[in-house]
Amino acid sequence: MKDGIYRNTCPRNCYGTCSMLSYVKNGRLIKVTGDPEHGYSKGRLCAKGYAYTQYVYNQNRLKYPMLQSPRGSGKWKRITWDEAYTIIAEKMIELNERYGSNLPCGYNKFSGNLGLLHYATEGMFNSIGPHTKPIGNPCALTGKVANHRSFGSHFSSIPEDMAGAKLIVLWGANPAVTNVHQMKFIYQARKNGAKLIVIDPVFTQTAAKADIFIQIIPGTDMYLALGIAKLVIKNNRHAREFLESDTEGWNPYRAYLDNELSIDEICHKTGVTMQVLAEISELYGSIKPVVTWAGLGIQRNMYGSKSIKAINSLAAVTGNLFIPNGGLYFMHFNVDDFPCALLNHKGPIHPSVQASRKVDISDFANSALQLSDPPLKLLWIASRNITQDHNFIAWQKLFEQLELIVTVDLYMTKSAENSDLVLPAATHFEEEDLHVGYWHFWLSVNQKAIPPYYEAKSDLQIARELSLKLNELSPGFSNFPADKEPIDWIKEELTPEILDLYSINGYEDLLRRPSKKAKHTIHKQNQKFRLFSPTEMRQNNVRAAEPPSPEKHEYKLITPQSLLKIHSQFESLSWLNKHHDDSYIEISNEAALYHNINNLEKIEVYNRYGQLVGVAKINPYLQKNIILAHQSGNNPINQLIHQQEHLVSADVSTHFYDSTVSIRKWSEAHV
Ligand SMILES: Nc1nc2c(c(=O)[nH]1)N[C@H]1C(S)=C(S)[C@@H](COP(=O)(O)OP(=O)(O)OC[C@H]3O[C@@H](n4cnc5c(=O)[nH]c(N)nc54)[C@H](O)[C@@H]3O)O[C@H]1N2
Ligand SMILES: Nc1nc2c(c(=O)[nH]1)N[C@H]1C(S)=C(S)[C@@H](COP(=O)(O)OP(=O)(O)OC[C@H]3O[C@@H](n4cnc5c(=O)[nH]c(N)nc54)[C@H](O)[C@@H]3O)O[C@H]1N2
Ligand code: SF4
Ligand SMILES: [Mo]
């Protein structure tokens, strides 16, 4: 690799998808900065981005393929790549002979690296014909489906345009932590006189910046949105013409708000006073343009879909859809514009098995356990740490049933510790890729800047080499185009339509600067806007159960994102995180009093699924029945998270913030 400056893109599952400049000297990455040519992040990174040199040259990084025998023993042996491929290929071939197809082989992949070339894992499995594959999305599916219901397509406004809004409502989003670059557009708007409202059960770092903070009871957002709309309509501030001619369901929606939903009920359910409700309605009804950002926090409970639809409808009622600098934010799915050639790679046809078996990734372990004909026997884990999932008990059972578990990762995660084989993955500085954001509308490349760390390989390289091994041992087993280089895959994504959408002539343009999507279809309505349907409120599960309370030894567990991590990642970087950071458990004054717990005292959080020891931090702003904890890969809080099976469905993401826990003094737990 030549010394110099390379263009990379941070591949993390993050709103930023920041383009970065990497400085390389003597084959080593010595510094990373933001790319000033990127019009969204504008030359800045977050602290995690600036810490990439430590992430790359970290003593905890996996260096070689390793085999653990027996599984879970911690007895690891370094093996060669060829040995690793042989073990995997022989097992796949043997399973195929035993069961007559590749259905016993499956993978679980999620959001470790979102580059388009990381669809190599999907492409590799497609190349062996029908297998077992995850579908769905544990993070954002509820909102995606709800938005589709409202708009008939995906819809999210342009982030840079938020700077021109006059009222910004952040509803279940915490950008001061999760989307730091967006804050500059919010500050810009405020400088020009915009008001900022934050609606969150937790007093967050974003809430601290707000003009008005509404501390809502979790899961009641649809009532608040409907309540604001009710008052806007009552005060005749609604967008009458638009509602009558361009929406569907206006009459039942309005009748429901007029006749069936009382202000008293709304205030009781949401914990918001009548005065605040009136004030917010006044602002929503009188200011334009209003931006409403329905964050992902809203949809991590069982009422998420209704809440998103009710919030979307509020934007419609106040006439703020499709107006400059107004509108709704969620996230977009513009990656669907691309061929995603690896994801869509077509595998060979099987004589009797028509298609791959699909397992909902939001209930992966439990659903996989139910497959019996044939059972799942080989699991490949890539870009995924299962500490981020729920239902650990099912995971444990699934592990017991599996004959081979392979994890491809950069670090020895809990997933890796539970595997037979670990394969060391390359960082984005060690491979080529192409990136489309899901928040902003910029397209950027990722160049190979440094040689791989020890024997690390990209997921694409692993797919190529494993396919060759499969075909060596069993000719024709895989139809993966192993001779295709990364650059060939990148160029395949840049079709004439994509070049036109992003106003570029080709790959070389992207080496000079990232490019913003020039042609937007998001403001075009494919159908009439569908208003919130009152029939949804009449379904029986809307009647919220009694809220948990200290008196009943019950708390709602909320576990949002942390500033200096991406889920379980970056945890071991000393520049960013101290070992004890993840063990803080935040509790309310009331809970502390009730359980006689002092600040910084050791406590135990538990429920029927598990227990975890942490250090109590009394948070005077916390609602009395909420416990706030951090996601962690070392000491995963998710062992206490369990979404009941009847609430799992093909169009919802995981209800991460809907589990109940109890607490006690640690000493009590151990007498
Ligand atoms: N630093 C950092 N940034 C990240 C990530 C990370 O791990 N670390 N992860 C990235 C990913 S994958 C995602 S999906 C995004 C998520 O980022 P956001 O969209 O900001 O969503 P969350 O962090 O899940 O939740 C946001 C807020 O919702 C609140 N909340 C919880 N329940 C409710 C409710 O019922 N109603 C309301 N109104 N609010 C509620 C939470 O208290 C939290 O403050 O962040 C991305 N950015
Ligand atoms: N309690 C709780 N749980 C949550 C959430 C929450 O709010 N609360 N949020 C949920 C959300 S929003 C999300 S998006 C999910 C995230 O779920 P995951 O995507 O499983 O989470 P990460 O911890 O980011 O794990 C990604 C893994 O991929 C690895 N990796 C990184 N780059 C590569 C690569 O190039 N190749 C390979 N093979 N591996 C790589 C990383 O080292 C890491 O171990 O977590 C969910 N879990
Ligand atoms: S983690 Fe997010 S904000 Fe930080 S550098 Fe990566 S994409 Fe940018
Ligand atoms: Mo996410």
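Each ligand, and each atom within it, is numbered from 1 in the order the structure gives.
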N or O contact, Thr204 vs ligand 1, cut-off under 3.5 Å: no
Numbering the atoms of ligand 1 from 1, which are under 4.0 Å from a heavy atom of Cys139? 14 (S)
N/O separation below 3.5 Å, Leu563 to ligand 1: yes
Flag the pair Phe213 / Phe203 as yes when their ring centroid distance falls below 6.0 Å, and as no otherwise. yes
Atom 6 (Fe) of ligand 3: which protein heavy atom is closest, and how many Å away? Cys10 SG, 2.3 Å
For ligand 2, the portion of Asp459 having any non-hydrogen atom under 4.0 Å away: side chain
Ligand 1 atoms in contact with Ile199 (distance to a heavy atom under 4.0 Å): 38 (N)
Would you please determine whether Gln631 falls within less than 4.0 Å of ligand 1 on a heavy-atom basis? no
I'd like to know: is atom 2 (Fe) of ligand 3 within the 2.8 Å range of an N/O/S atom from Cys18, strictly under that distance? no
Ligand 2 versus Ile641: contacting region, heavy-atom distance under 4.0 Å: side chain
Of Leu410, Ile386, Asn113, the one whose closest heavy atom lies nearest atom 30 (N) of ligand 2 is Leu410
Is there a heavy atom of Arg300 sitting under 4.0 angstrom from any atom of ligand 2? yes
